[in-house]
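Working notes, structure below.
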Protein chains: 2
Amino acid sequence: MSAINRPVPKRQLIHECMQDLRRIVKALENYSRSVERNFGLTGPQLWALWELGHTGPQTLKALAARMHLDPSTMVGVVDRLESKGMMVRNQDPTDRRRLSLTLTAKAEALLHSAPHPAQGHLLAGLQRLDRSRVALLNEALHTIVRVLGAEGLEAPFFFSGK
Amino acid sequence: MSAINRPVPKRQLIHECMQDLRRIVKALENYSRSVERNFGLTGPQLWALWELGHTGPQTLKALAARMHLDPSTMVGVVDRLESKGMMVRNQDPTDRRRLSLTLTAKAEALLHSAPHPAQGHLLAGLQRLDRSRVALLNEALHTIVRVLGAEGLEAPFFFSGK
DNA sequence: TTAAAATGGTTTGTATTGCAAATTATTAGT
DNA sequence: ACTAATAATTTGCAATACAAACCATTTTAA
């Protein structure tokens, strides 16, 4: 799109990446909130449903792990989903400590009509892009994940000046 | 990396994009939390500092707008930052309704040693990539922003089945 | 077999973000 | 002078999120 006389310095590119990421995160949050207003389900709640819909019944701990949440946090999410008639806690007969979280028909129906509830707009947008562009995006996101992953999510955390 | 005999279907690529995005968001959240534990500043708080550090003194409303937050939310963030000695509320002499939020020396020092506090790990990772790769990433993120932006952040919100 | 350790889920406590709606002080407009 | 409009705030509410303590139920080990 732009002539490459003097290439944009790397520093600048990185800066733009950061800003874009923040914007993306914010946009996803906002979308999540609009879904909440219109649907009564928050982002994490929808994500939980979606996850369960794809893995099948799960134990609470497993689901929490998948979502990188603390079990104690998960309890609250499950509580709210159960009270909304989207999920059921079943006792695992072989191990009575464990739950088997399963979706209700209502939730299944919802997921069926909304393949990716948490990010509907983005999904719709992606679907309109041609395949090669999506492939590029895919590649780029993998890079970010790798970069983040390489540093470790547990984040020994460092703060050295540059 | 993979032979392109049968190309990965677009549907699959989109799916991966979604997962990666979720992972990225989560990773940033986690990093933010680790910074909080080690530094006593949350993500939004650091972001606010950083923003102010780049724009100079701002009115509360303006800062809120920049961060896509409600002013009433911003008040809380500023409260906490002020009580941590990172920010000062100054009255604007020309318009006594307005504040002029300014960083303290302490905050300036912190920002100096941490150019991009909110996303330190990612930043460090990006800096290790070569320029062309960062450029690609940049391009990809722009695409996402555009896709999200085109749909509109206010999100008329739709949920039609596919 | 029985006591100790580990596991899965929960409760309690606390903090933050986040918005909406109502409120106050100040400024601008008529 | 009286009425908007504006900037910040307060109040009220809900969800996310984690840590730490706590049951119930296995599993392990003595």
Side-chain angles (χ1 to χ4, degrees), chain A residues 22 25-26 28-48 57-65 67-84 87 89-101 118 153-155, chain B residues 22 25-48 57-65 67-84 87-101 118 153-155:
Chain A
R22 271 205 310 250
V25 168
K26 202 67 208 174
L28 290 176
E29 273 176 22
N30 284 356
Y31 177 71
S32 172
R33 220 167 294 282
S34 92
V35 170
E36 185 180 356
R37 275 195 301 276
N38 292 282
F39 246 74
L41 290 177
T42 67
Q45 287 167 19
L46 277 165
W47 182 6
Q58 284 273 340
T59 180
L60 184 144
K61 195 185 183 182
L63 184 56
M67 294 176 66
H68 304 281
L69 288 178
D70 193 274
S72 65
T73 302
M74 199 72 233
V75 169
V77 176
V78 171
D79 281 349
R80 286 177 280 267
L81 282 172
E82 209 175 17
S83 79
K84 281 168 188 168
M87 192 180 276
R89 273 181 243 239
N90 289 320
Q91 285 269 356
D92 181 338
T94 75
D95 184 341
R96 296 206 322 251
R97 286 172 305 183
R98 291 186 187 178
L99 298 181
S100 165
L101 300 174
L153 289 200
E154 294 75 35
Chain B
R22 271 206 310 252
V25 169
K26 201 68 208 172
L28 291 177
E29 273 177 22
N30 285 356
Y31 177 70
S32 171
R33 219 166 294 283
S34 92
V35 170
E36 184 179 356
R37 273 195 301 275
N38 292 282
F39 246 72
L41 291 177
T42 67
Q45 287 166 20
L46 276 164
W47 182 6
Q58 284 274 339
T59 182
L60 185 145
K61 195 185 183 184
L63 185 55
M67 294 176 66
H68 304 280
L69 290 177
D70 194 273
S72 65
T73 302
M74 200 70 233
V75 169
V77 175
V78 171
D79 280 349
R80 287 177 280 269
L81 282 173
E82 209 175 18
S83 78
K84 282 167 189 169
M87 192 181 276
V88 181
R89 273 181 242 240
N90 288 320
Q91 286 268 356
D92 181 339
T94 76
D95 184 340
R96 295 208 323 252
R97 286 171 304 183
R98 292 187 186 173
L99 297 180
S100 164
L101 301 173
L153 287 199
E154 294 73 35

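Throughout, a chain's letter reflects where its sequence line sits, starting with A, and its residues are numbered from 1.
- A donor-acceptor pair under 3.5 Å links the side-chain atoms of K84(A) to the main chain of G40(A), judged by distance alone.
- In dA17(D) the base sits anti relative to the sugar, since the glycosidic angle is further than 90° from 0.
- For the side chain to side chain contact (heavy atoms under 4.5 Å, CB included) with V77(A), the lone residue among Q45(A), M87(A), E82(A) that qualifies is Q45(A).
- Between chain B and DNA chain C, the heavy-atom contact criterion of under 4.0 Å yields a 5' to 3' nucleotide range of dT16(C) to dT27(C).
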Distance-only donor-acceptor pairs under 3.5 Å for side chains of residues 58-65 of chain A, two or more places apart:
residue, atom, partner, partner atom, Å
Q58(A), NE2, T55(A), OG1, 3.3

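- Base pairing annotation: dC23(D) forms a Watson-Crick or G-U wobble pair with dG8(C), both donor-acceptor distances under 3.5 Å.
- Interatomic distance, L69(B) CG to E29(A) CD, rounded to the nearest 0.5 Å: 8.5 Å.
- Here the closest non-hydrogen pair linking M67(B) and P44(B) is CE-O, 3.4 Å.
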Task: Under 4.0 Å protein heavy-atom contacts per nucleotide of nucleotides 6-16 of chain D, with B for base, S for backbone only and - for none - done: BSSBB----SB
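- Between the CZ atom of R80(B) and the CG atom of L41(B) there is a distance of 11.5 Å, given to the nearest 0.5 Å.
- When all heavy atoms of P93(A) and R96(A) are compared, the closest pair comes out as O-CG, 4.3 Å.
- Across R89(B) and V75(B), no two heavy atoms sit closer than the pair NH2-O, 4.1 Å.
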